Amino acid sequence: MIQTEKTPTIMESECGDWLRIGHLKLQSRLLLGTSGYPNPHVMLESLAASGSQLVTVAIRRVNLQDQSEESFLDLITSLPVEILPNTAGCYTAKEAVLVAEMAREALQTNLIKLEVIGDDETLLPDVEQLLKAANELIRSGFTVMAYSNDDPITCKKLAEMGCAAVMPLASPIGSGMGIVNPYNLQLIRELLPHTPLIVDAGIGTASDAAMAMEMGYDGILLNTAVSKAKHPVQMAAAMRHAVLGGRLAWKAGRIPKRFYAQASSSMKGRIQVQT
């Protein structure tokens, strides 16, 4: 079980459920990236404000051999968090598998966030290469968290293959567009009721995160929405509360939507006035 140094708030304690991915048991359902911050100090403060216990690092952009006193990995490993290496920047299954193997050797973890991108313009996943890489990594003993487009069929194939978590996008990476296709995300949730589902990419602000959690998603992974915000630390805190609020709302069960009004007070005993 991963624990942070912070004391849980009353609301977090009342939530009382855990996000389970492979061997991980996480209290926080917000996963945070580590790139694009103004400086390392802001990144560390943002991670702390988010309450995240699982942070993702792009292996292709990190010098795993850096032995300096204040290397990037040293900063991350000094925190009470688990590192989730990712294969960002890979365009083929072969590249992604190689990067994952490098991460496992360097960081001594089977965890991997799998990304296989199709082009530089949209940064959307290459489905064929993604499925191929996922299959190979799972067979090699990796705990695969697969970044996917919001296609229900692709997500279903990844789940049936044995991915520990499937992570459909809300909208393109770094776009901040929020959830552009709620129908597909809802359909994916219904098709995969027992698979850990995490919305990954495109979240722009706290309401986007809350909306995804209210759909019944198990968590949110984001980076740009915090790192490029005007005030990253404040946005990290906002995302933390949005994810928690959305989760509590989903567990509570919203009222059905109605076309017409329905009085909240009983009409029984209504005063009758003669005209």
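For this chain, numbers begin at 1 and follow the sequence in order. Owing to the predicted nature of the structure, the values given are computational and were not obtained by experimental measurement.
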J.: Without placing hydrogens or testing angles, list every side-chain donor-acceptor pair under 3.5 Å for residues 159-168, not counting sequence neighbours.
T.:
unit_1	atom_1	unit_2	atom_2	d
Glu160	OE2	Lys156	NZ	2.5

J.: Applying salt bridge (charged side-chain N to carboxylate O under 4.0 Å, His left out), name anything that partners Glu121, two or more places apart in sequence or on another chain.
T.: none

J.: Are any of the side-chain heavy atoms of Leu124 and Asp119 separated by less than 4.5 Å?
T.: no

J.: Does Arg104 use its side chain to pair, donor to acceptor, with the backbone of Asn110 at less than 3.5 Å?
T.: no

J.: Between Pro38 and Ser227, which heavy-atom pair has the shortest distance, and what is it?
T.: CD-O, 3.9 Å

J.: Checking side-chain contact (heavy atoms from CB on, under 4.5 Å) for the pair Gln53/Gln27: CA distance, chi angles, key distance, verdict?
T.: CA-CA 8 Å; Gln53 297 166 302; Gln27 186 176 34; 3.7 Å; yes

J.: Is any side-chain heavy atom of Thr122 less than 4.5 Å from a side-chain heavy atom of Pro172?
T.: no

J.: Taking Lys228 for the side chain and Gly36 for the main chain, is one N or O donor matched with an acceptor at less than 3.5 Å?
T.: yes

J.: Answer yes or no: is there a side-chain heavy-atom contact under 4.5 Å between Met145 and Ile21?
T.: yes

J.: Once you round to the nearest 0.5 Å, how far does CG of Leu32 lie from CE of Met43?
T.: 10.0 Å

J.: Looking only at heavy atoms, which two atoms of Arg258 and Ala261 are closest? And how far apart?
T.: NH2-O, 4.4 Å

J.: Kindly say whether Glu101 contributes a backbone atom to a donor-acceptor pair with the side chain of Glu105 at under 3.5 angstrom?
T.: no

J.: Following the transitive rule for hydrophobic clusters with a side-chain heavy-atom cut-off under 4.5 Å over Ile, Leu, Val, Met, Phe, Trp and Tyr, establish whether Met239 and Leu44 coincide in one cluster.
T.: yes

J.: Report yes if some heavy atom in the side chain of Val81 is under 4.5 Å from a heavy atom in the side chain of Leu47; otherwise report no.
T.: no

J.: To the nearest 0.5 Å, tell me how far His23 NE2 sits from Thr109 OG1.
T.: 6.0 Å

J.: Listing request: all side-chain hydrogen bond (donor to acceptor under 3.5 Å, both in side chains) pairs with a residue in residues 162-186, at least two apart in sequence or in separate chains.
T.: Ser171-Ser175

J.: Looking only at heavy atoms, which two atoms of Ile173 and Ala201 are closest? And how far apart?
T.: CG1-CB, 3.8 Å

J.: Kindly give the heavy-atom pair with the smallest separation between Ser28 and Leu19, and that separation in Å.
T.: O-CD2, 4.2 Å

J.: May I ask you to list the residues sharing a hydrophobic cluster with Ile255, side-chain cutoff 4.5 Å, ordered by chain and number?
T.: none

J.: Mind listing the closest non-hydrogen atom pair of Val243 and Met213 along with its distance?
T.: O-CG, 3.7 Å

J.: Would you mind reporting whether Tyr147 and Leu158 have side-chain heavy atoms less than 4.5 Å apart?
T.: no

J.: Leu30 and Met215: same hydrophobic cluster, using ILVMFWY side-chain contacts below 4.5 Å?
T.: yes

J.: CD1 of Ile188 to CD1 of Ile153: how many Å apart, nearest 0.5 Å?
T.: 9.5 Å

J.: Could you state whether Leu191 and Tyr217 fall into the same hydrophobic cluster, counting links through intermediate Ile, Leu, Val, Met, Phe, Trp or Tyr residues with side-chain heavy atoms under 4.5 angstrom apart?
T.: yes

J.: Cluster question for you: counting only ILVMFWY and a side-chain heavy-atom cut-off of under 4.5 Å, with indirect links fine, are Ile203 and Trp250 together?
T.: no

J.: Are a donor atom and an acceptor atom from the side chains of Asn223 and Ser35 found within less than 3.5 Å of each other?
T.: yes

J.: Quick one: do Met177 and Leu123 end up in the same hydrophobic cluster if we chain Ile, Leu, Val, Met, Phe, Trp and Tyr together by side-chain heavy atoms under 4.5 Å apart?
T.: no

J.: With side-chain contact (heavy atoms from CB on, under 4.5 Å) as the test, pick out the partner of Leu24 among Leu84, Leu54, Thr143.
T.: Leu54

J.: Can you spot which of Leu244, Ile198, Asp218 makes a side-chain contact (heavy atoms from CB on, under 4.5 Å) with Arg29?
T.: Asp218

J.: Applying side-chain contact (heavy atoms from CB on, under 4.5 Å), name anything that partners Ser207, two or more places apart in sequence or on another chain.
T.: Thr205

J.: Quick one: closest heavy-atom pair of Ser148 and Pro125, and the distance?
T.: C-CG, 3.7 Å

J.: Are Asp151 and Lys157 close enough for a salt bridge, meaning some N to O gap below 4.0 Å?
T.: no

J.: Are Lys113 and Asp200 ion-paired here, with the side-chain N under 4.0 Å from a carboxylate O?
T.: yes

J.: So, do Asp150 and Leu185 sit near enough that their side-chain heavy atoms are less than 4.5 Å apart?
T.: yes

J.: Are the side chains of Leu107 and Ile83 in contact, using a 4.5 Å heavy-atom criterion?
T.: yes

J.: What's the separation between atom SG in Cys155 and atom CG in Leu192, rounded to the nearest 0.5 Å?
T.: 7.0 Å

J.: Using a 3.5 Å cut-off and no angle test, enumerate the donor-acceptor pairs between side-chain atoms of residues 128-140 and protein atoms at least two apart in sequence or in another chain.
T.:
unit_1	atom_1	unit_2	atom_2	d
Gln129	OE1	Ala93	N	2.8
Ser140	OG	Glu136	O	3.0

J.: Rounded to the nearest 0.5 Å, what separates atom CZ in Arg240 from atom OG in Ser46?
T.: 13.0 Å

J.: Compare all side-chain heavy atoms of Leu31 with those of Val55 and state whether any distance is below 4.5 angstrom.
T.: no

J.: Checking Asn86 against Thr56: is there a side-chain donor and acceptor pair closer than 3.5 Å?
T.: yes

